[in-house]
Amino acid sequence: MKSWPYPRVAAHRGGGTLAPENTLAGLRTGASFGHTMVEFDAKLSADNVVFLLHDDTVERTSNGYGAAAHMRYAELAALDAGSWRDARFAGEPMPTLAQVAAFCRESGLAANVEIKPCAGRDAETGRIVGAETARLWAEDTKADIAPLLSSFSYAALEAARESAPDLPRGLLFERVPADWRAQTAALGCLSLHASHRHLDEALVERIKSAGLFILAYTVNDLDRARQLVRWGVDTICTDRIDLIGPRALDD
Ligand code: G3P
Ligand code: MG
């Protein structure tokens, strides 16, 4: 019988909407609310450094412009990825996965590393993020919860399986497709991750009956979060880390 060691609540992009997403300030904010699990998005710079960013381009969440896949990490690290959220986060950089791993390990935070390849870089991003995650968390003597790899990209998760076969995997969907069983089985997934908007009780039941755990994103309403847990969802990922606290969904 497989087990699910992860908490019921994960802070989306580190600190949800209370801090700049995918930054160390975001992770610190999540931890400051007592959260014990964080989700974040990892991709490759032009020189193959694994760093945190959601979009393919940097303009929404920094003071820079252009495609991240064409920028070296030194250029990305010089950008201000904090001010767009609030002036008090001015100068906050896009961190490397190594910095994030160190913070998670020091703080005892469980991690959901979402592999978010830039267009056309699915397999190499999956391969490198998988290997880096395995290497960075392997050094952890305190961690008893392995980082959970996930991706919307089948090719990325397949490559991560090759480079980090021992790490747990979750395939991400917005709307769960008809062939979810075949896809998750082929990738040897521990979990299926889906938008809560397209989940219903019967679908949750079918997924759980197949032996998969479920992470639902992005749930910002406490009543909805409780309903999903009642149906059998194992972890919810939230932007409202203040409304849905770390213990809010405990039995
Ligand atoms: O991993 C759950 C969630 O983060 C997926 O959507 O777009 O916020 O990365 P997105
Ligand atoms: Mg994500």
Side-chain angles (χ1 to χ4, degrees), residues 4 6-24 26-27 29-30 35-44 50-61 68 81 84-85 94-95 97 100-101 104 109-119 121-122 125-126 129-130 133 145-154 156-157 160 167-177 180 183-184 187 189-199 204 207 212-221 224-225 228-229 233-241 244 249:
W4 181 252
Y6 304 101
R8 284 238 185 268
V9 185
H12 188 222
R13 306 185 192 175
T17 43
L18 302 191
E21 65 188 54
N22 289 314
T23 64
L24 290 173
L27 299 181
T29 302
H35 286 281
T36 55
M37 183 173 187
V38 286
E39 181 270 359
F40 48 81
D41 306 296
K43 55 166 48 70
L44 299 177
V50 183
F51 74 105
L52 268 52
L53 177 67
H54 181 277
D55 301 355
D56 274 7
T57 56
V58 299
E59 41 262 38
R60 183 179 61 84
T61 55
W84 69 276
R85 174 59 76 194
M94 295 176 224
L97 184 66
V100 168
C104 289
L109 287 170
N112 174 195
V113 182
E114 186 193 333
I115 306 167
K116 195 75 118 180
C118 288
R121 302 195 74 187
D122 294 66
T125 304
V129 174
T133 302
I145 301 187
L148 174 63
L149 295 172
S150 64
S151 191
F152 286 105
S153 165
Y154 185 98
L157 212 52
L167 290 183
R169 288 171 296 282
L171 188 57
L172 255 166
F173 301 109
E174 184 176 354
R175 186 187 290 272
V176 178
W180 61 268
Q183 290 197 51
T184 53
L187 290 171
C189 288
L190 177 66
S191 52
L192 183 154
H193 303 198
S195 167
H196 79 95
R197 294 175 195 284
H198 306 295
L199 287 175
V204 168
I207 296 167
L212 290 163
F213 296 93
I214 304 177
L215 179 148
Y217 70 91
T218 303
V219 186
N220 297 327
D221 178 89
R224 176 63 170 167
L228 290 160
V229 168
V233 168
D234 297 282
T235 293
I236 68 109
C237 190
T238 185
D239 273 334
R240 290 306 304 269
I241 61 169
I244 304 179
L249 303 176

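Source: prediction; values computed, not measured. Start at 1 and go down the list; that is how both ligands and their atoms are numbered.
- Residue contacts with ligand 1 for Asp41 involve side-chain atoms from C-beta outward but no N, CA, C or O (heavy atoms, distance under 4.0 Å).
- Our summary of the site lists the angle at the Mg ion (ligand 2) between OE1 of Glu114 and OE2 of Glu39 as 90°, to the nearest 10 degrees.
- Taking atom 7 (O) of ligand 1 as the reference point, the nearest protein heavy-atom neighbour is His54 NE2, 2.6 Å.
- On a distance-only criterion, Lys116 and ligand 1 share at least one N/O pair closer than 3.5 Å.
- Phe40 is not listed as a side-chain neighbour of Lys116, based on a closest heavy-atom distance of 4.5 Å or more.
- Considering OH of Tyr6 and CG of Asp234, their distance stands at 11.5 Å, rounded to 0.5 Å.
- Using bins of under 30°, 30° to 60° and over 60° for the plane-to-plane angle, the ring pair Tyr217/Phe152 lands in the perpendicular bin.
- For the residue pair Leu199 and Ala216, the shortest heavy atom distance occurs at CD1-CB, 3.9 Å.
- Smallest separation of non-hydrogen atoms from Leu53 and Met94: CD1-SD, 4.1 Å.
- Restricting Asp41 to its N, O or S atoms, the one at the least distance from the Mg ion (ligand 2) is OD1.
- For a threshold of 3.5 Å applied to N or O pairs, the pair formed by Thr218 and ligand 1 contains no separation below that value.
- When the shell of 6.0 Å around CZ of Arg175 is examined, it contains 12 or fewer heavy atoms from other residues, nucleotides or ligands.
- Listed by number with element, the atoms of ligand 1 under 4.0 angstrom from any heavy atom of Phe152 are 5 (C), 6 (O).
- If you number the atoms of ligand 1 from 1 as listed, the ones under 4.0 Å from a heavy atom of Glu39 come out as 1 (O), 2 (C), 3 (C), 4 (O).
- With hydrogens and angles left out, the side-chain atoms of Ser150 and Asn112 include a donor and acceptor closer than 3.5 Å.
- Using a non-hydrogen distance threshold of 4.0 Å, Glu114 registers as a contact of ligand 1.
- For Arg13, the closest heavy-atom approach to ligand 1 falls below 4.0 Å.
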